[in-house]
Amino acid sequence: MNAFFASSESGSGSYWYAPPASQVAGEVFWLFDLIFWISAIFFFVIIAMGGFMVVKYRRRPGVDAQKTDNHNTALELLWSVIPTILVVAFFWFGFDIYMSLKRIPDDAYRINVIGQKWAWSYEYPNGMISNMLVVPQGRNIELVLSSNDVIHSYSIPDFATKMDAVPGRYNRLWFHAENVGEHQVFCTEYCGDGHSTMLSRLSVRNQAAFDDWYETESNFMDSETLSPVDKGKKLYGIHGCAACHSLDGKDNVAGGGPTFKGHWGTTRSLADGSSVTMDDNYVRESILRPNAKIVAGYPKDRMPNFEGRLDDREIAALIQFIQAQTEGK
Amino acid sequence: MSSTATETAHDAHHFHDDQAWHLAHHFETPHQQFDSGKLGTWLFLVTEVLFFSGLFVAYGVYRMTRPELFTYASGYLDTKMGAINTVVLIFSSLTAAWAVRCAQLGNRKGLTINIVLTLMCAAGFMVIKYLEYSHKIHIGLFPGAPAEPGQESMWNFNPEWAPGEKVHFADDPNAPALHDLKNFFGVYFCMTGLHGIHVMVGMGLWIWMLIRNLKGQFGPKFYGPVDFVALYWHIVDIIWIFLFPLLYLIRH
Amino acid sequence: MGQHTRELSNGTFTYELDSPNDSYLVHFKGIKSWLLTLDHKRIAINYLVCISIALLLGGIYALLLRLDLWNGGLTATGEVDPNQSKLLTNDQYNHAFTVHGAVMTFLVLIPGIPAILGNFALPLMLGAKDVAFPRLNLLSWYLWVSGLICFLYTLFMGGLDTGWTFYTPYSVTTNTSVISALFGAFMLGFSSILTGLNFIVTIHKMRPAGMGWFEMPLFLWSLYATGIIQLLATPVLGITLLMLIVERSFGLGIFDPAYGGDPVLFQHFFWFYSHPAVYVMVLPAMGVISELISTFSRKPVFGYKMIAMSSVAIAFLGFLVWGHHMFTSGQSPLMGTIFSFITFSIAIPSAIKVFNWLTTMYKGSVALNTPMIYALSFLGLFGIGGLTGLFLSTMATDIMLHDTYFVVAHFHYVMVGGTIIALLGGLHYWWPKMFGKSYNSLVAKTGGILVFIGFNVTFFPQFVMGSRGMPRRYHMYLEQFQSFHQWSTIGAFILGLGMFMAAGNFIWSLLRGPKAPVNPWGASTLDWKTATPPYYHNFDVEPEVRPGDIYHYDRIVPNPEGPGFVEKKRDAMPAETGAKH
């Protein structure tokens with residue numbers, strides 16, 4: 001039913017929102033417009049009534065207020081019943097469209113989304129992990145959201161949908177990616193320091209382009225054209241290292257991560273007073289047991305533990321990549 | 001009781017009646033004052049019930065999601081101690097009610113005896129609570145500040161410290177995961193701890209009433225404060241009457 | 001000094017009072033007499049001073065946030081743009097918005113109108129000498145001050161970056177000073193409970209003989225409804241904060257998913273209080289508006305009973321809607337549906353109130369004095385705040401708008417456009433009675449209009465960026481939102497200017513203001529029948545009130561000999577005595 005109403009609006013944006021990227025989003029925006037215009041009429045009535053009273057009955061010398069009825073049942077019923085009918089209508093449309101946001105089609109393509117301070121990562125059916133959400137065009141996509149630390153929320157404004165990623169439970173959302181294009185993703189539940197940069201891009205590609213991307217990404221560790229440093233760079237992106245460890249030489253002390261540029265081979269003094277040389281063994285240990293040796297000034301417990309999440313080949317690639325940042329290989 | 005130009009002049013009106021000075025200046029009649037106090041006390045008790053309701057809801061939610069954990073963990077509580085405490089508190093409610101009656105009748109001696117009895121029950125309750133808590137601490141079922149997040153150090157429950165209490169977790173196929181006990185004992189310590197704080201506040205109030213009684217302030221025309229403290233005491237009692245079965249009596 | 005006699009049920013008593021002709025402001029002297037006062041009027045002034053300080057603190061943080069948000073710092077695709085400088089770091093920004101939110105909510109909005117205007121006017125409106133429990137009243141002020149001290153302690157001991165909502169698990173894991181802040185909010189909660197309890201008992205037990213329930217001024221009805229919420233909802237906040245304190249200090253696993261706890265349960269507890277708290281803020285504001293519109297139109301409030309009952313209805317329904325804060329948290333669609341439906345039902349009593357206020361002015365004699373300017377801007381701003389609430393109670397559009405700037409704009413329209421505007425309006429209304437001094441009305445009106453304009457320039461653009469997807473609590477933002485943010489920043493400074501004009505005018509009035517008449521606005525309620533400023537014991541002679549006096553302006557006529565209004569004597573056989581509403 002709502003598709004009918006929405007059809008006129010679907011596909012075009014307005015001052016209030018960008019063009020909807022799916023049919024459900026079009027329905028949501030249609031409902032937004034409906035409430036907007038009815039509210040605008042109500043607001044106009046309130047302002048007009050107020051303005052009329054103030055001007056017409058302004059205080060004038062020698063003229064006092066006139067006696068009128070102190071209440072009027074018919075009138076009061078009128079302005080109780082009309083809003084009641086309207087809000088019941090809003091409720092109904094809201095409920096109806098909400099259910100289509102909630103009812104996940106059986107054939108949906110499932111991707112696990114993991115929120116972690118302060119990056120999103122995506123786990124595809126074959127176990128491939130990406131830091132960018134790429135989906136095939138024309139498919140129903142189901143995202144299963146979870147969180148490794150605090151509550152995050154996954155918001156895609158163009159699809160008019162949003163769902164919290166809560167530690168300890170799985171929340172789901174779905175959308176239908178109609179057209180090829182790029183969409184912005186935000187984290188909308190406050191999660192600390194990097195909350196406002198916990199952004200992600202959603203890329204809808206046609207089936208062939210998607211398959212191509214999927215194939216390359218799934219097997220990049222086996223790639224013969226990529227150097228270990230390039231592989232390390234990809235891992236750096238996938239595992240969210242960029243959220244804390246910059247490559248531009250600026251240490252992010254408050255946020256918890258030293259930069260990867262310029263520290264290799266130097267002696268680092270630790271929080272407990274001892275010191276260590278930043279070499280491959282130190283980096284390996286820090287990846288697997290982040291709290292073991294913390295450089296003085298940096299907070300504890302900030303970096304997630306990657307033991308079991310990275311294999312030796314991947315750690316080696318990462319180490320080479322980190323080394324390359326300083327030595328410029 | 002002279003009218004001086006200070007803020008305490010509020011109560012300082014010269015009445016001919018020996019107890020009428022208790023009428024605060026802003027009330028018209030002692031009756032109005034008593035009614036206001038009573039309504040205020042009841043409203044306060046409503047907030048007390050809602051204050052505990054949060055914990056009851058937390059209890060309900062987690063017991064619903066983890067029924068087996070709750071019945072299992074409840075086995076670590078000492079039902080005998082809990083039962084004794086229940087009897088002690090119910091008895092103290094009787095003496096509290098009796099105290100009000102004595103105040104109404106102007107029986108100063110009876111009022112003193114009943115307040116002292118109530119205080120002794122309250123102290124007894126706290127002692128038993130102390131024994132229970134220290135036992136939990138001894139066997140490690142007590143939370144502490146985490147030494148290292150992610151470590152189990154605050155829940156270093158060691159079954160060998162509590163021989164005969166329960167079979168070793170590793171040997172018991174029905175035992176829930178060790179750290180899951182935390183959920184039950186979190187609720188347990190919050191509920192009984194908050195209740196214990198209320199008992200101690202109540203003891204303070206009773207001591208205050210005792211002092212005022214020894215000064216001869218209460219009588220048939222003025223017994224409101226005793227009445228209000230007794231009402232508070234009953235609510236503390238009632239809350240325990242719910243806590244006892246919910247925490248102690250749910251094991252198989 | 002004089003001998004007074006009183007007939008009490010158990011005899012006739014004679015007692016002495018200090019000279020009743022002293023105003024409460026000067027009757028006792030010295031700082032101690034203010035700190036230990038049991039007089040409701042002085043406690044109201046104490047609150048006024050302290051809440052103003054808190055408002056200033058929260059306001060400074062607001063301006064700091066707005067200045068920082070002048071630049072977004074990100075390009076259109078989310079890369080850091082080195083050309084855009086930011087005033088604060090992410091961390092500082094997070095602290096700043098938390099302090100702004102926590103101070104404004106717990107220290108200003110929730111106590112604001114009941115503690116300042118309610119404390120001052122409630123006993124006066126009842127013709128009573130004080131609230132039922134003056135010591136409790138003083139205690140709740142001290143609890144408020146302790147809450148403020150806890151918050152200040154938090155500020156200096158590592159700050160707070162959880163947002164005012166304290167969501168777990170973030171609040172359990174952050175290394176800022178959460179416990180002291182929670183403890184502060186806990187004490188502020190108790191301050192609020194005691195105020196509500198005091199007001200309810202006072203209204204029940206201390207109404208004068210001639211004033212039935214439906215002859216009370218509507219401000220008292222709204223405070224009564226507010227008191228119910230304060231009593232029934234605030235304890236749940238108390239226990240929630242306590243559980244969080246225990247969880248954080250001892251590691252109890254109540255909200256920790258690693259131990260079978262549920263962070264969403266915290267949200268349920270939190271909003272079970274914090275949604276009704278919205279009505280703790282707004283209901284008294286509505287009460288003030290009822291007084292203002294009736295007085296400045298010289299007309300009885302239209303549909304008095306409907307307005308009174310709608311306050312109670314809002315208080316009741318307000319308890320059943322907390323789940324609408326969690327449409328995206330993963331609660332079941334059934335629960336979402338129920339909460340959405342009940343939420344809509346609150347729109348009805350609110351709509352009734354707005355239309356009744358508008359109709360009150362019909363065929364009245366509408367004077368645009370400063371308080372009325374605020375009342376009218378309340379109607380406009382609260383109208384927008386309420387209507388945008390419709391978008392958020394509709395489930396489908398809430399999913400789109402949840403946690404965006406649309407929500408930020410919505411609740412600022414309700415909280416600032418509603419509560420703060422009504423607080424300012426009420427202050428301008430009762431100010432002459434409180435201090436016996438008039439303020440400059442031209443400056444006051446200009447300030448009021450600047451507040452109105454500045455407020456709209458600040459918050460209207462936020463609706464648009466919100467519906468376009470801009471999330472709240474964002475320090476860095478994408479380029480496409482920048483123009484909205486910049487408008488918002490400009491507006492915030494206009495708003496600030498308006499507030500400073502109002503404050504400066506008040507201070508000027510204390511120092512230089514001309515003496516105010518006893519009844520400057522021609523109001524009909526009992527609070528205007530005492531001296532200006534009121535006697536220490538409120539009334540020299542207990543004021544006579546008959547059914548039909550309140551909100552009837554026939555006998556209140558302009559003072560022929562000076563400013564303000566005077567009351568004509570009753571006719572020999574008053575015809576309206578029997579006329580009830």
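Every value quoted in this text rests on a predicted model; they were computed, and no experiment measured them.
- Only the side chain of D262(C) comes within contact range of chain A, with at least one heavy atom under 4.5 Å from a heavy atom of that chain.
- Contacts with chain C were tallied for A40(A), S153(A), P167(A); P167(A) has the most, counting heavy-atom pairs under 4.5 Å.
- The shortest non-hydrogen separation linking T397(C) to V28(A) is CG2-O, 3.9 Å.
- Using a 4.5 Å cut-off between heavy atoms, I348(C) touches chain A through its side chain atoms alone.
- Neither the backbone nor the side chain of Q92(C) comes within less than 4.5 Å of any heavy atom of chain A.
- Of all the heavy atoms in L358(C) and M53(A), the pair that sits closest is O-CE, 3.6 Å.
- Note on S340(C), G78(C), S171(C): by heavy-atom pairs under 4.5 Å with chain A, the leading option is S340(C).
- The parts of I151(A) that come within reach of chain C are both its backbone and its side chain, each placing non-hydrogen atoms under 4.5 angstrom from that chain.
- With a 4.5 angstrom heavy-atom cutoff, D164(A) touches chain C via backbone and side-chain atoms both.
- Among G364(C), S297(C), G469(C), G380(C), the residue making the largest number of heavy-atom pairs under 4.5 Å with chain A is G364(C).
- Interface remark: of the candidates Y98(A), Y190(A), F52(A), Y190(A) forms the most heavy-atom pairs closer than 4.5 Å to chain C.
- Of the N and O atoms on the side chains of D64(A) and S365(C), not one donor lies less than 3.5 Å from an acceptor on the other residue.
- For the set N356(C), V80(C), L379(C), the entry with the most heavy-atom pairs within less than 4.5 Å of chain A is N356(C).
- Interface summary for chain C: among S80(A), S147(A), P157(A), G168(A), the most heavy-atom pairs under 4.5 angstrom belong to S80(A).
- Both the backbone and the side chain of L390(C) come within less than 4.5 Å of a heavy atom of chain A.
- If you measure heavy-atom distances from V63(A) to chain C, the contacts under 4.5 Å come from the backbone alone.
- Taking chain C as the reference chain and counting heavy-atom pairs below 4.5 Å, the highest number among T73(A), V54(A), I47(A), V24(A) is found for V54(A).
- Taking a cutoff of 4.0 Å between a charged side-chain nitrogen and a carboxylate oxygen, D403(C) and K162(A) do not qualify as a salt bridge.
- The aromatic ring centres of F391(C) and F90(A) sit 6.0 Å or more apart.
- Taking the ring centre of Y15(A) as origin, the terminal cationic atom of R468(C) falls inside the region bounded by 6.0 Å and 45° from the ring axis.
- Looking at R172(A), neither its backbone nor its side chain comes within 4.5 Å of chain C, counting heavy atoms on both sides.
- Heavy atoms of T162(C) lying under 4.5 Å from chain A belong exclusively to its backbone.
- With a 4.5 Å cut-off on non-hydrogen atoms, C191(A) touches chain C through its backbone but not through its side chain.
- Contacts between I46(A) and chain C at a heavy-atom distance below 4.5 Å involve backbone atoms as well as side-chain atoms.
- When heavy atoms are compared at a cutoff of 4.5 Å, R298(C) approaches chain A by way of both its backbone and its side chain.
- With contacts defined as side-chain heavy-atom distances shorter than 4.5 Å, the pair C187(A)/P471(C) does not qualify.
- By number of non-hydrogen pairs under 4.5 angstrom with chain A, the leading residue of T404(C), T360(C), T359(C) is T359(C).
- The parts of Q66(A) that come within reach of chain C are both its backbone and its side chain, each placing non-hydrogen atoms under 4.5 angstrom from that chain.
- Only the backbone of D69(A) comes within contact range of chain C, with at least one heavy atom under 4.5 Å from a heavy atom of that chain.
- At a 4.5 Å heavy-atom cutoff, the contact between V354(C) and chain A is made by side-chain atoms alone.
- P333(C) and K102(A) make their closest contact through CG-CD, 4.2 Å (heavy atoms, listed as atom of the first residue, atom of the second, distance).
- Interface residue A367(C): backbone and side-chain heavy atoms are both found under 4.5 Å from chain A.
- There is no contact between F255(C) and chain A, counting heavy-atom distances below 4.5 Å.
- Between chain C and the options F36(A), W79(A), F95(A), the largest number of non-hydrogen pairs under 4.5 Å is found for W79(A).
- Y304(C) and H71(A) have their aromatic ring centers separated by at least 6.0 angstrom.
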Worksheet entry | CA sep, side-chain torsions, deciding dist, call: S467(C), F32(A), side chain to side chain contact (heavy atoms under 4.5 Å, CB included) | CA-CA 9 Å; S467(C) 72; F32(A) 182 95; 3.8 Å; yes
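- Residues Q184(A) and T77(C) come closest through the heavy atom pair OE1-O, 4.1 Å.
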Practice prompt. List the steps, then state whether side chain to side chain contact (heavy atoms under 4.5 Å, CB included) holds for E76(A) with F355(C).
Written response: CA-CA 8 Å; E76(A) 287 176 66; F355(C) 285 110; over 6 Å; no
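- Among V557(C), L376(C), I399(C), T394(C), the residue making the largest number of heavy-atom pairs under 4.5 Å with chain A is I399(C).
- Contact of T89(C) with chain A is not made at all, since no heavy-atom distance falls under 4.5 Å.
- With a 4.5 Å cut-off on non-hydrogen atoms, V45(A) touches chain C through its side chain but not through its backbone.
- T295(C) and R59(A) get closest at one heavy-atom pair: O-NH2, 3.9 Å.
- Using a 4.5 Å cut-off between heavy atoms, F327(C) contacts chain A through its backbone alone, with no side-chain atom that close.
- Chosen from A165(A), A65(A), G50(A), S155(A), the residue pairing most often with chain C at heavy-atom distances under 4.5 Å is A65(A).
- Within the 4.5 angstrom heavy-atom criterion, no atom of K56(A) approaches chain C.
- Both the backbone and the side chain of L401(C) come within less than 4.5 Å of a heavy atom in chain A.
- Ring planes of F481(C) and F186(A): tilted class, angle from 30 to 60°.
- Not a single donor-acceptor pair under 3.5 Å links the side chain of N90(C) to the backbone N or O of G194(A).
- Interface residue T197(A): only side-chain heavy atoms are found under 4.5 Å from chain C.
- The side-chain heavy atoms of M361(C) and Y57(A), taken from C-beta on, include no pair separated by under 4.5 Å.
- Only the side chain of T173(C) comes within less than 4.5 Å of a heavy atom of chain A; its backbone N, CA, C and O stay farther away.
- Proximity to chain C involves both the backbone and the side chain of E189(A), based on heavy atoms less than 4.5 angstrom apart.
- With a threshold of 4.5 angstrom between heavy atoms, Y167(C) approaches chain A through side-chain atoms but not through N, CA, C or O.
- No part of F159(A) comes within reach of chain C, as not one of its non-hydrogen atoms sits under 4.5 angstrom from that chain.
- When heavy atoms are compared at a cutoff of 4.5 Å, L101(A) approaches chain C solely by way of its side chain, counted from C-beta outward.
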Item to complete: Start with the C-alpha gap between M49(A) and Y362(C), add the side-chain angles, then the distance that decides, and say whether side chain to side chain contact (heavy atoms under 4.5 Å, CB included) holds.
Response: CA-CA 9 Å; M49(A) 267 176 85; Y362(C) 178 65; over 6 Å; no
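- The two residues L75(A) and F302(C) make their nearest non-hydrogen contact at CD2-CZ, 4.3 Å.
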Worksheet item: When you look at D554(C) and K67(A), which way does the side chain to side chain contact (heavy atoms under 4.5 Å, CB included) test go after all the steps?
Response: CA-CA 10 Å; D554(C) 300 345; K67(A) 281 235 183 301; 2.9 Å; yes
